[in-house]
Amino acid sequence: MSTAEFIRQHPRSHRCNDLTKAELGRQVVLYGWVHGLRDHGGRRFVDLRDRDGLTQIVFKPEVDRELHEQAQKLRSEWVIGVAGAVQDRIANGGSPNPKLRSGEIEVEAQALEIFNQADTPPFLIEDNIDTAEEKRLQYRYLDLRRPAVARRFLVRHRVNQVVRRYFDDNGFLEIETPFMVKYTPGGARNFLVPSRLNPGCFYALAESPQIFKQLFMMAGFDRYFQIVRCFRDEDLRLDRQPEFTQIDVEMSFINEEEIQGAIEGLLAALWREILGVELARPFVRLAYDDAMTRYGSDKPDLRFDLELCDLTDEVRQHGGGGVALLEDVAKGEGVCKCLRLPAAYALSRTEADKLEGFVRGMGAHGLARVKVDKGGAWTQTQMAKSISEALRLAINRKAGAQDGDFLFFQFGEPKLAAMVLGRLRLHFGEKYHLIKPGDWRFAWIVDFPLFERDEKGQWVAAHHAFTSPRPDHVDKLKSAPQDCRARAYDIVLNGVELGGGSIRIHDTAVQAKVFDALGISGEQAEAKFGFLLRALRFGAPPHGGIALGMDRLVMLLTDAESLRDVVAFPKTQKGTCLMTDAPTRIGDELLTDLFIRSAAPH
RNA sequence: GGGGUGGUAGUUAAGUUGGUUAUAACGCCGGCCUGUCACGCCGGAGGCCGCGGGUUCAAGUCCCGUCCACCCCGCCA
């Protein structure tokens, strides 16, 4: 029988996970891949797999001798169709398999069609394999067959559907924005697309729909969302791909609370429908400064304590306490921060020494530490000997140091000191298993600075140039930019930044003041964002929005270790696709058509 | 651009101070097996030790370079 004939005579009736005792006695047709084979001579078992699950097929010589013979030829990953009867495993003299949804039944084969044979796959199509990711990416279509991997994409699909239904129910319009947009310098690097029709000109691939979604508000669309691909030509990380998906949202006539409420509603719907978990709302709000001070991060993992403390004041009051390392802090340069590891978490001296290398890898100059002894004395390092008693006692008091605790210190540049201890905190959280599974700690990080200094000391927008300052800070834009706070917010979950957004500037006068504070001239602003500024003058509603990292969301919902696990065809750290070999060199003839000459070394 | 980890049968790993024929498990191939589901038993095949150079009587092992993958910093509003 030909494939076409078999499919015509035996159209698929079920998927592998559909069959349970409810279908006993039914004639069914299943299509799928040979997942496993067990040959007992007189009984041949095949585990048939499709995207949903497994069903056991049994071939019996007394039912059809020829079919039973044919089954001997089957091999892993062959593609077959089977028609037969659903039977009770126990009644057939077997035993149920509690690991399978279909584990109480099996299908007694009465017709078999081999649609395709298969080479032996380079790795097993099973959940718990230990194969290098390199190999898995090279044969991604095989990796995607593995049930644990496939499951993540079924969840990803569910997320898409829940998001669409939620926003539709709440009056949001889903409208696409262009991928090929005008290049604007600053921010993330853009991928460029040459314009054949406009020699020497390039489009940029949109790093986000930011400006377009604001223009939707000016168009009066009021509430917008989009599940949209974004492109950034930056270095990759565990949680960063050059193309990624955002759930992009913008609303008019609202404030921070309304946007945050809408997103909390969305996340609650997702957690309810995907995980069956009811989230407590509203989420915690945490000021940026508090997050940095207490957790050393603007995306703190709130599932465990081990908070940092700031010792800058103590060090200054005691003039550095005779510790050479603290002299700069005492003179007013930089900060002194401390992480206390309670005695309950056993850390050997060797392990403590090794942490030095761990923090140096993050750019720290070193890791000063002491061990607290009885009565608040310090031991183990030079700093323990040289410090004045007064400062030592002051630090013990501030840090709450007890006998047997370790204290780890960072001095100097505030952000680096916070980051290093923040990462050390995460390291301890992991090392001592302080995180319990199934704990979802959402938080809104608020009161962000409006500006930050770039490497040249220039003030730049911390979020982006259209972020609204707090109304009471507009007067300080020029005089005290470091004190200006933005109407911006990040949503953080378990130490992962899920997304961020802001209330935008809708007032041309305020926008001009922000540009002025950023040192952007009227002409520069006009050249870069002229169309947006013009739109502001034609009746812009108060508006604001947010974008959520959709891939990261799925990563958290599926407990994936990497963003690559939830992207169907991800790129490697060098931005290549191991399956297709993209990107490739392009010949001169083709480049000539695009008016491009490559300067790459050959 | 910088720091780190790794690369040995199809896969995952072991491989001592440089030494004779490079091991194992799983997978694969052949045979047996009527209730398995990580089936079991018997037998077998399978290697450019990432690539290039160097040291040496001798290199999977030591040295230099390079490529690839991963983690981190910078970068990413």
Side-chain angles (χ1 to χ4, degrees), chain A residues 35-48 54-63 68 72 75-77 87 89-100 102-103 106 119-139 142 184 186-190 207-208 210-211 230-242 244 246 357-364 416 419-420 423 426-427 448 450-452 454-455 460-467 486 488 490 497 499-502 546-547 549 561-562 564 571-574 576 578:
Chain A
H35 184 71
L37 295 149
R38 288 174 298 282
D39 185 347
H40 290 241
R43 283 287 180 274
R44 298 202 165 109
F45 300 100
V46 170
D47 292 329
L48 188 69
L54 298 175
T55 299
Q56 175 165 284
I57 313 294
V58 60
F59 291 87
K60 302 175 180 173
E62 69 270 25
V63 171
H68 178 259
Q72 193 182 19
R75 291 293 179 269
S76 286
E77 299 310 311
Q87 297 180 346
R89 286 199 191 191
I90 294 172
N92 274 358
S95 44
N97 183 348
K99 287 185 227 162
L100 302 182
S102 67
E106 62 190 0
D119 289 354
T120 302
F123 47 81
L124 295 180
I125 311 300
E126 291 174 0
D127 282 350
N128 295 312
I129 61 170
D130 201 13
T131 301
E133 195 176 11
E134 197 173 348
K135 271 284 178 301
R136 301 203 282 118
L137 291 179
Q138 195 181 338
Y139 299 94
L142 298 181
T184 50
R189 271 187 213 93
N190 293 106
E207 61 192 66
S208 79
Q210 182 61 40
I211 289 176
C230 302
F231 306 88
R232 292 180 190 172
D233 186 10
E234 295 293 346
D235 285 12
L236 283 74
R237 286 281 193 286
L238 180 80
D239 58 353
R240 273 162 36 189
Q241 283 275 305
F244 61 100
Q246 285 191 343
F358 175 77
V359 301
R360 278 184 197 279
M362 292 179 288
L416 181 65
M419 189 268 274
V420 168
R423 290 282 297 272
L426 293 178
H427 173 77
F448 279 88
L450 186 64
F451 303 117
E452 61 189 17
D454 68 7
E455 62 279 4
V460 294
H463 189 71
H464 58 58
F466 319 115
T467 301
D490 277 1
E497 182 192 330
S502 64
I546 193 167
E561 282 174 15
S562 159
R564 293 183 298 275
K571 304 285 192 288
T572 69
Q573 195 151 63
K574 275 193 75 190
T576 64
L578 293 178

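Quick note on labels: first sequence line is chain A, next is B, and so on, each numbered from 1.
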For [X], answer base if it contacts any base atom (sugar-phosphate contacts may also be present), sugar-phosphate if it contacts only those atoms, and nothing otherwise; contact means non-hydrogen atoms under 4.0 Å.
X	result
A/D233	nothing
A/Q138	nothing
A/S76	sugar-phosphate
A/F123	nothing
A/R75	sugar-phosphate
A/G36	nothing
A/S502	nothing
A/P96	base
A/R564	sugar-phosphate

Determine: side-chain N/O of [X] to OP1/OP2 of [N], distance under 4.0 Å, yes or no.
X	N	value
A/K574	B/C68	yes
A/R38	B/U34	no
A/Q56	B/U36	no
A/R423	B/C71	no
A/S95	B/G35	no
A/T131	B/G10	no
A/R360	B/G4	no
A/R237	B/C75	no

Rounded to the nearest Å, what distance is computed from the [atom1] atom of residue [X] to the [atom2] atom of nucleotide [N]?
X	N	atom1	atom2	answer
A/K571	B/A69	NZ	C1'	16 Å
A/L124	B/C37	CG	P	17 Å
A/N92	B/U36	CG	C1'	13 Å
A/K60	B/U34	NZ	C1'	10 Å
A/K135	B/C70	NZ	P	13 Å
A/D130	B/A24	CG	C1'	15 Å
A/R189	B/A77	CZ	C1'	14 Å
A/R232	B/C75	CZ	P	15 Å

- Task: Return the minimal non-hydrogen interatomic distance between A/H464 and A/A461, and the atom names on each side.
- Result: C-CB, 3.5 Å
- If every non-hydrogen atom of A/T467 is compared with every non-hydrogen atom of A/A486, which pair is closest and at what distance? CG2-CB, 3.7 Å
Would you measure the distance from the [atom1] atom in [N] across to the matching atom in [M] and give it in whole Å?
N	M	atom1	answer
B/U11	B/C62	P	23 Å
B/G27	B/G53	C1'	36 Å
B/C72	B/A14	P	23 Å
B/C70	B/G15	P	25 Å
B/G60	B/G54	P	15 Å
B/U61	B/G50	C1'	16 Å
B/G74	B/G3	C1'	11 Å
B/A58	B/U21	C1'	16 Å

My understanding is that a pair needs two contacts under 3.5 Å, Watson-Crick or G-U wobble. By that rule, which nucleotide pairs with [N]?
N	result
B/G6	B/C68
B/G74	none
B/A22	none
B/C41	B/G31

- Item | Whichever of A/L137 and A/G93 has its nearest RNA chain B nucleotide further upstream toward 5' | A/G93
- Note on the structure: The answer to which of A/A461 and A/P121 contacts RNA chain B further toward the 5' end, by nearest nucleotide, is A/P121
- Does a side-chain heavy-atom distance below 4.5 Å link A/R189 with A/R232? no
- Any A/L236 side-chain heavy atom under 4.5 Å of A/Q241 side chain: yes
Please pick, from [options], the nucleotide with the shortest atom-to-atom distance to any side-chain atom of [X].
X	options	answer
A/D235	B/G74, B/C28, B/C70	B/G74
A/V58	B/A77, B/G35, B/C71	B/G35
A/K99	B/G74, B/C76, B/A38	B/A38
A/R43	B/U12, B/U34, B/U36	B/U34

Counting only distance, no hydrogens or angles, is the base of [N] paired donor-acceptor with the side chain of [X] under 3.5 Å?
X	N	answer
A/D39	B/C39	no
A/E134	B/G6	no
A/R89	B/U36	yes

- Out of curiosity, A/R89 CZ to A/S102 OG, how far, rounded to the nearest 0.5 Å? 6.5 Å
- Query: With the threshold set at 4.0 Å, does a side-chain nitrogen-carboxylate oxygen contact exist between A/R564 and A/E133?
  - Reply: yes
- Task: Using the aromatic ring of A/H40 (for Trp, its six-membered ring), decide whether it stacks on the base of B/U36 within the limits of 5.5 Å and 30°.
- Result: no
- Do the rings of A/H427 and A/F358 sit parallel, tilted or perpendicular, given the 30° and 60° boundaries? tilted
- Message: Determine whether a donor-acceptor pair (N or O, by modelled atom type, separation under 3.5 Å) exists between the side chain of A/R75 and the backbone of A/Q72.
- Response: yes
- Query: Quick one: do the A/Q56 and A/R38 side chains pair a donor with an acceptor below 3.5 Å?
  - Reply: yes
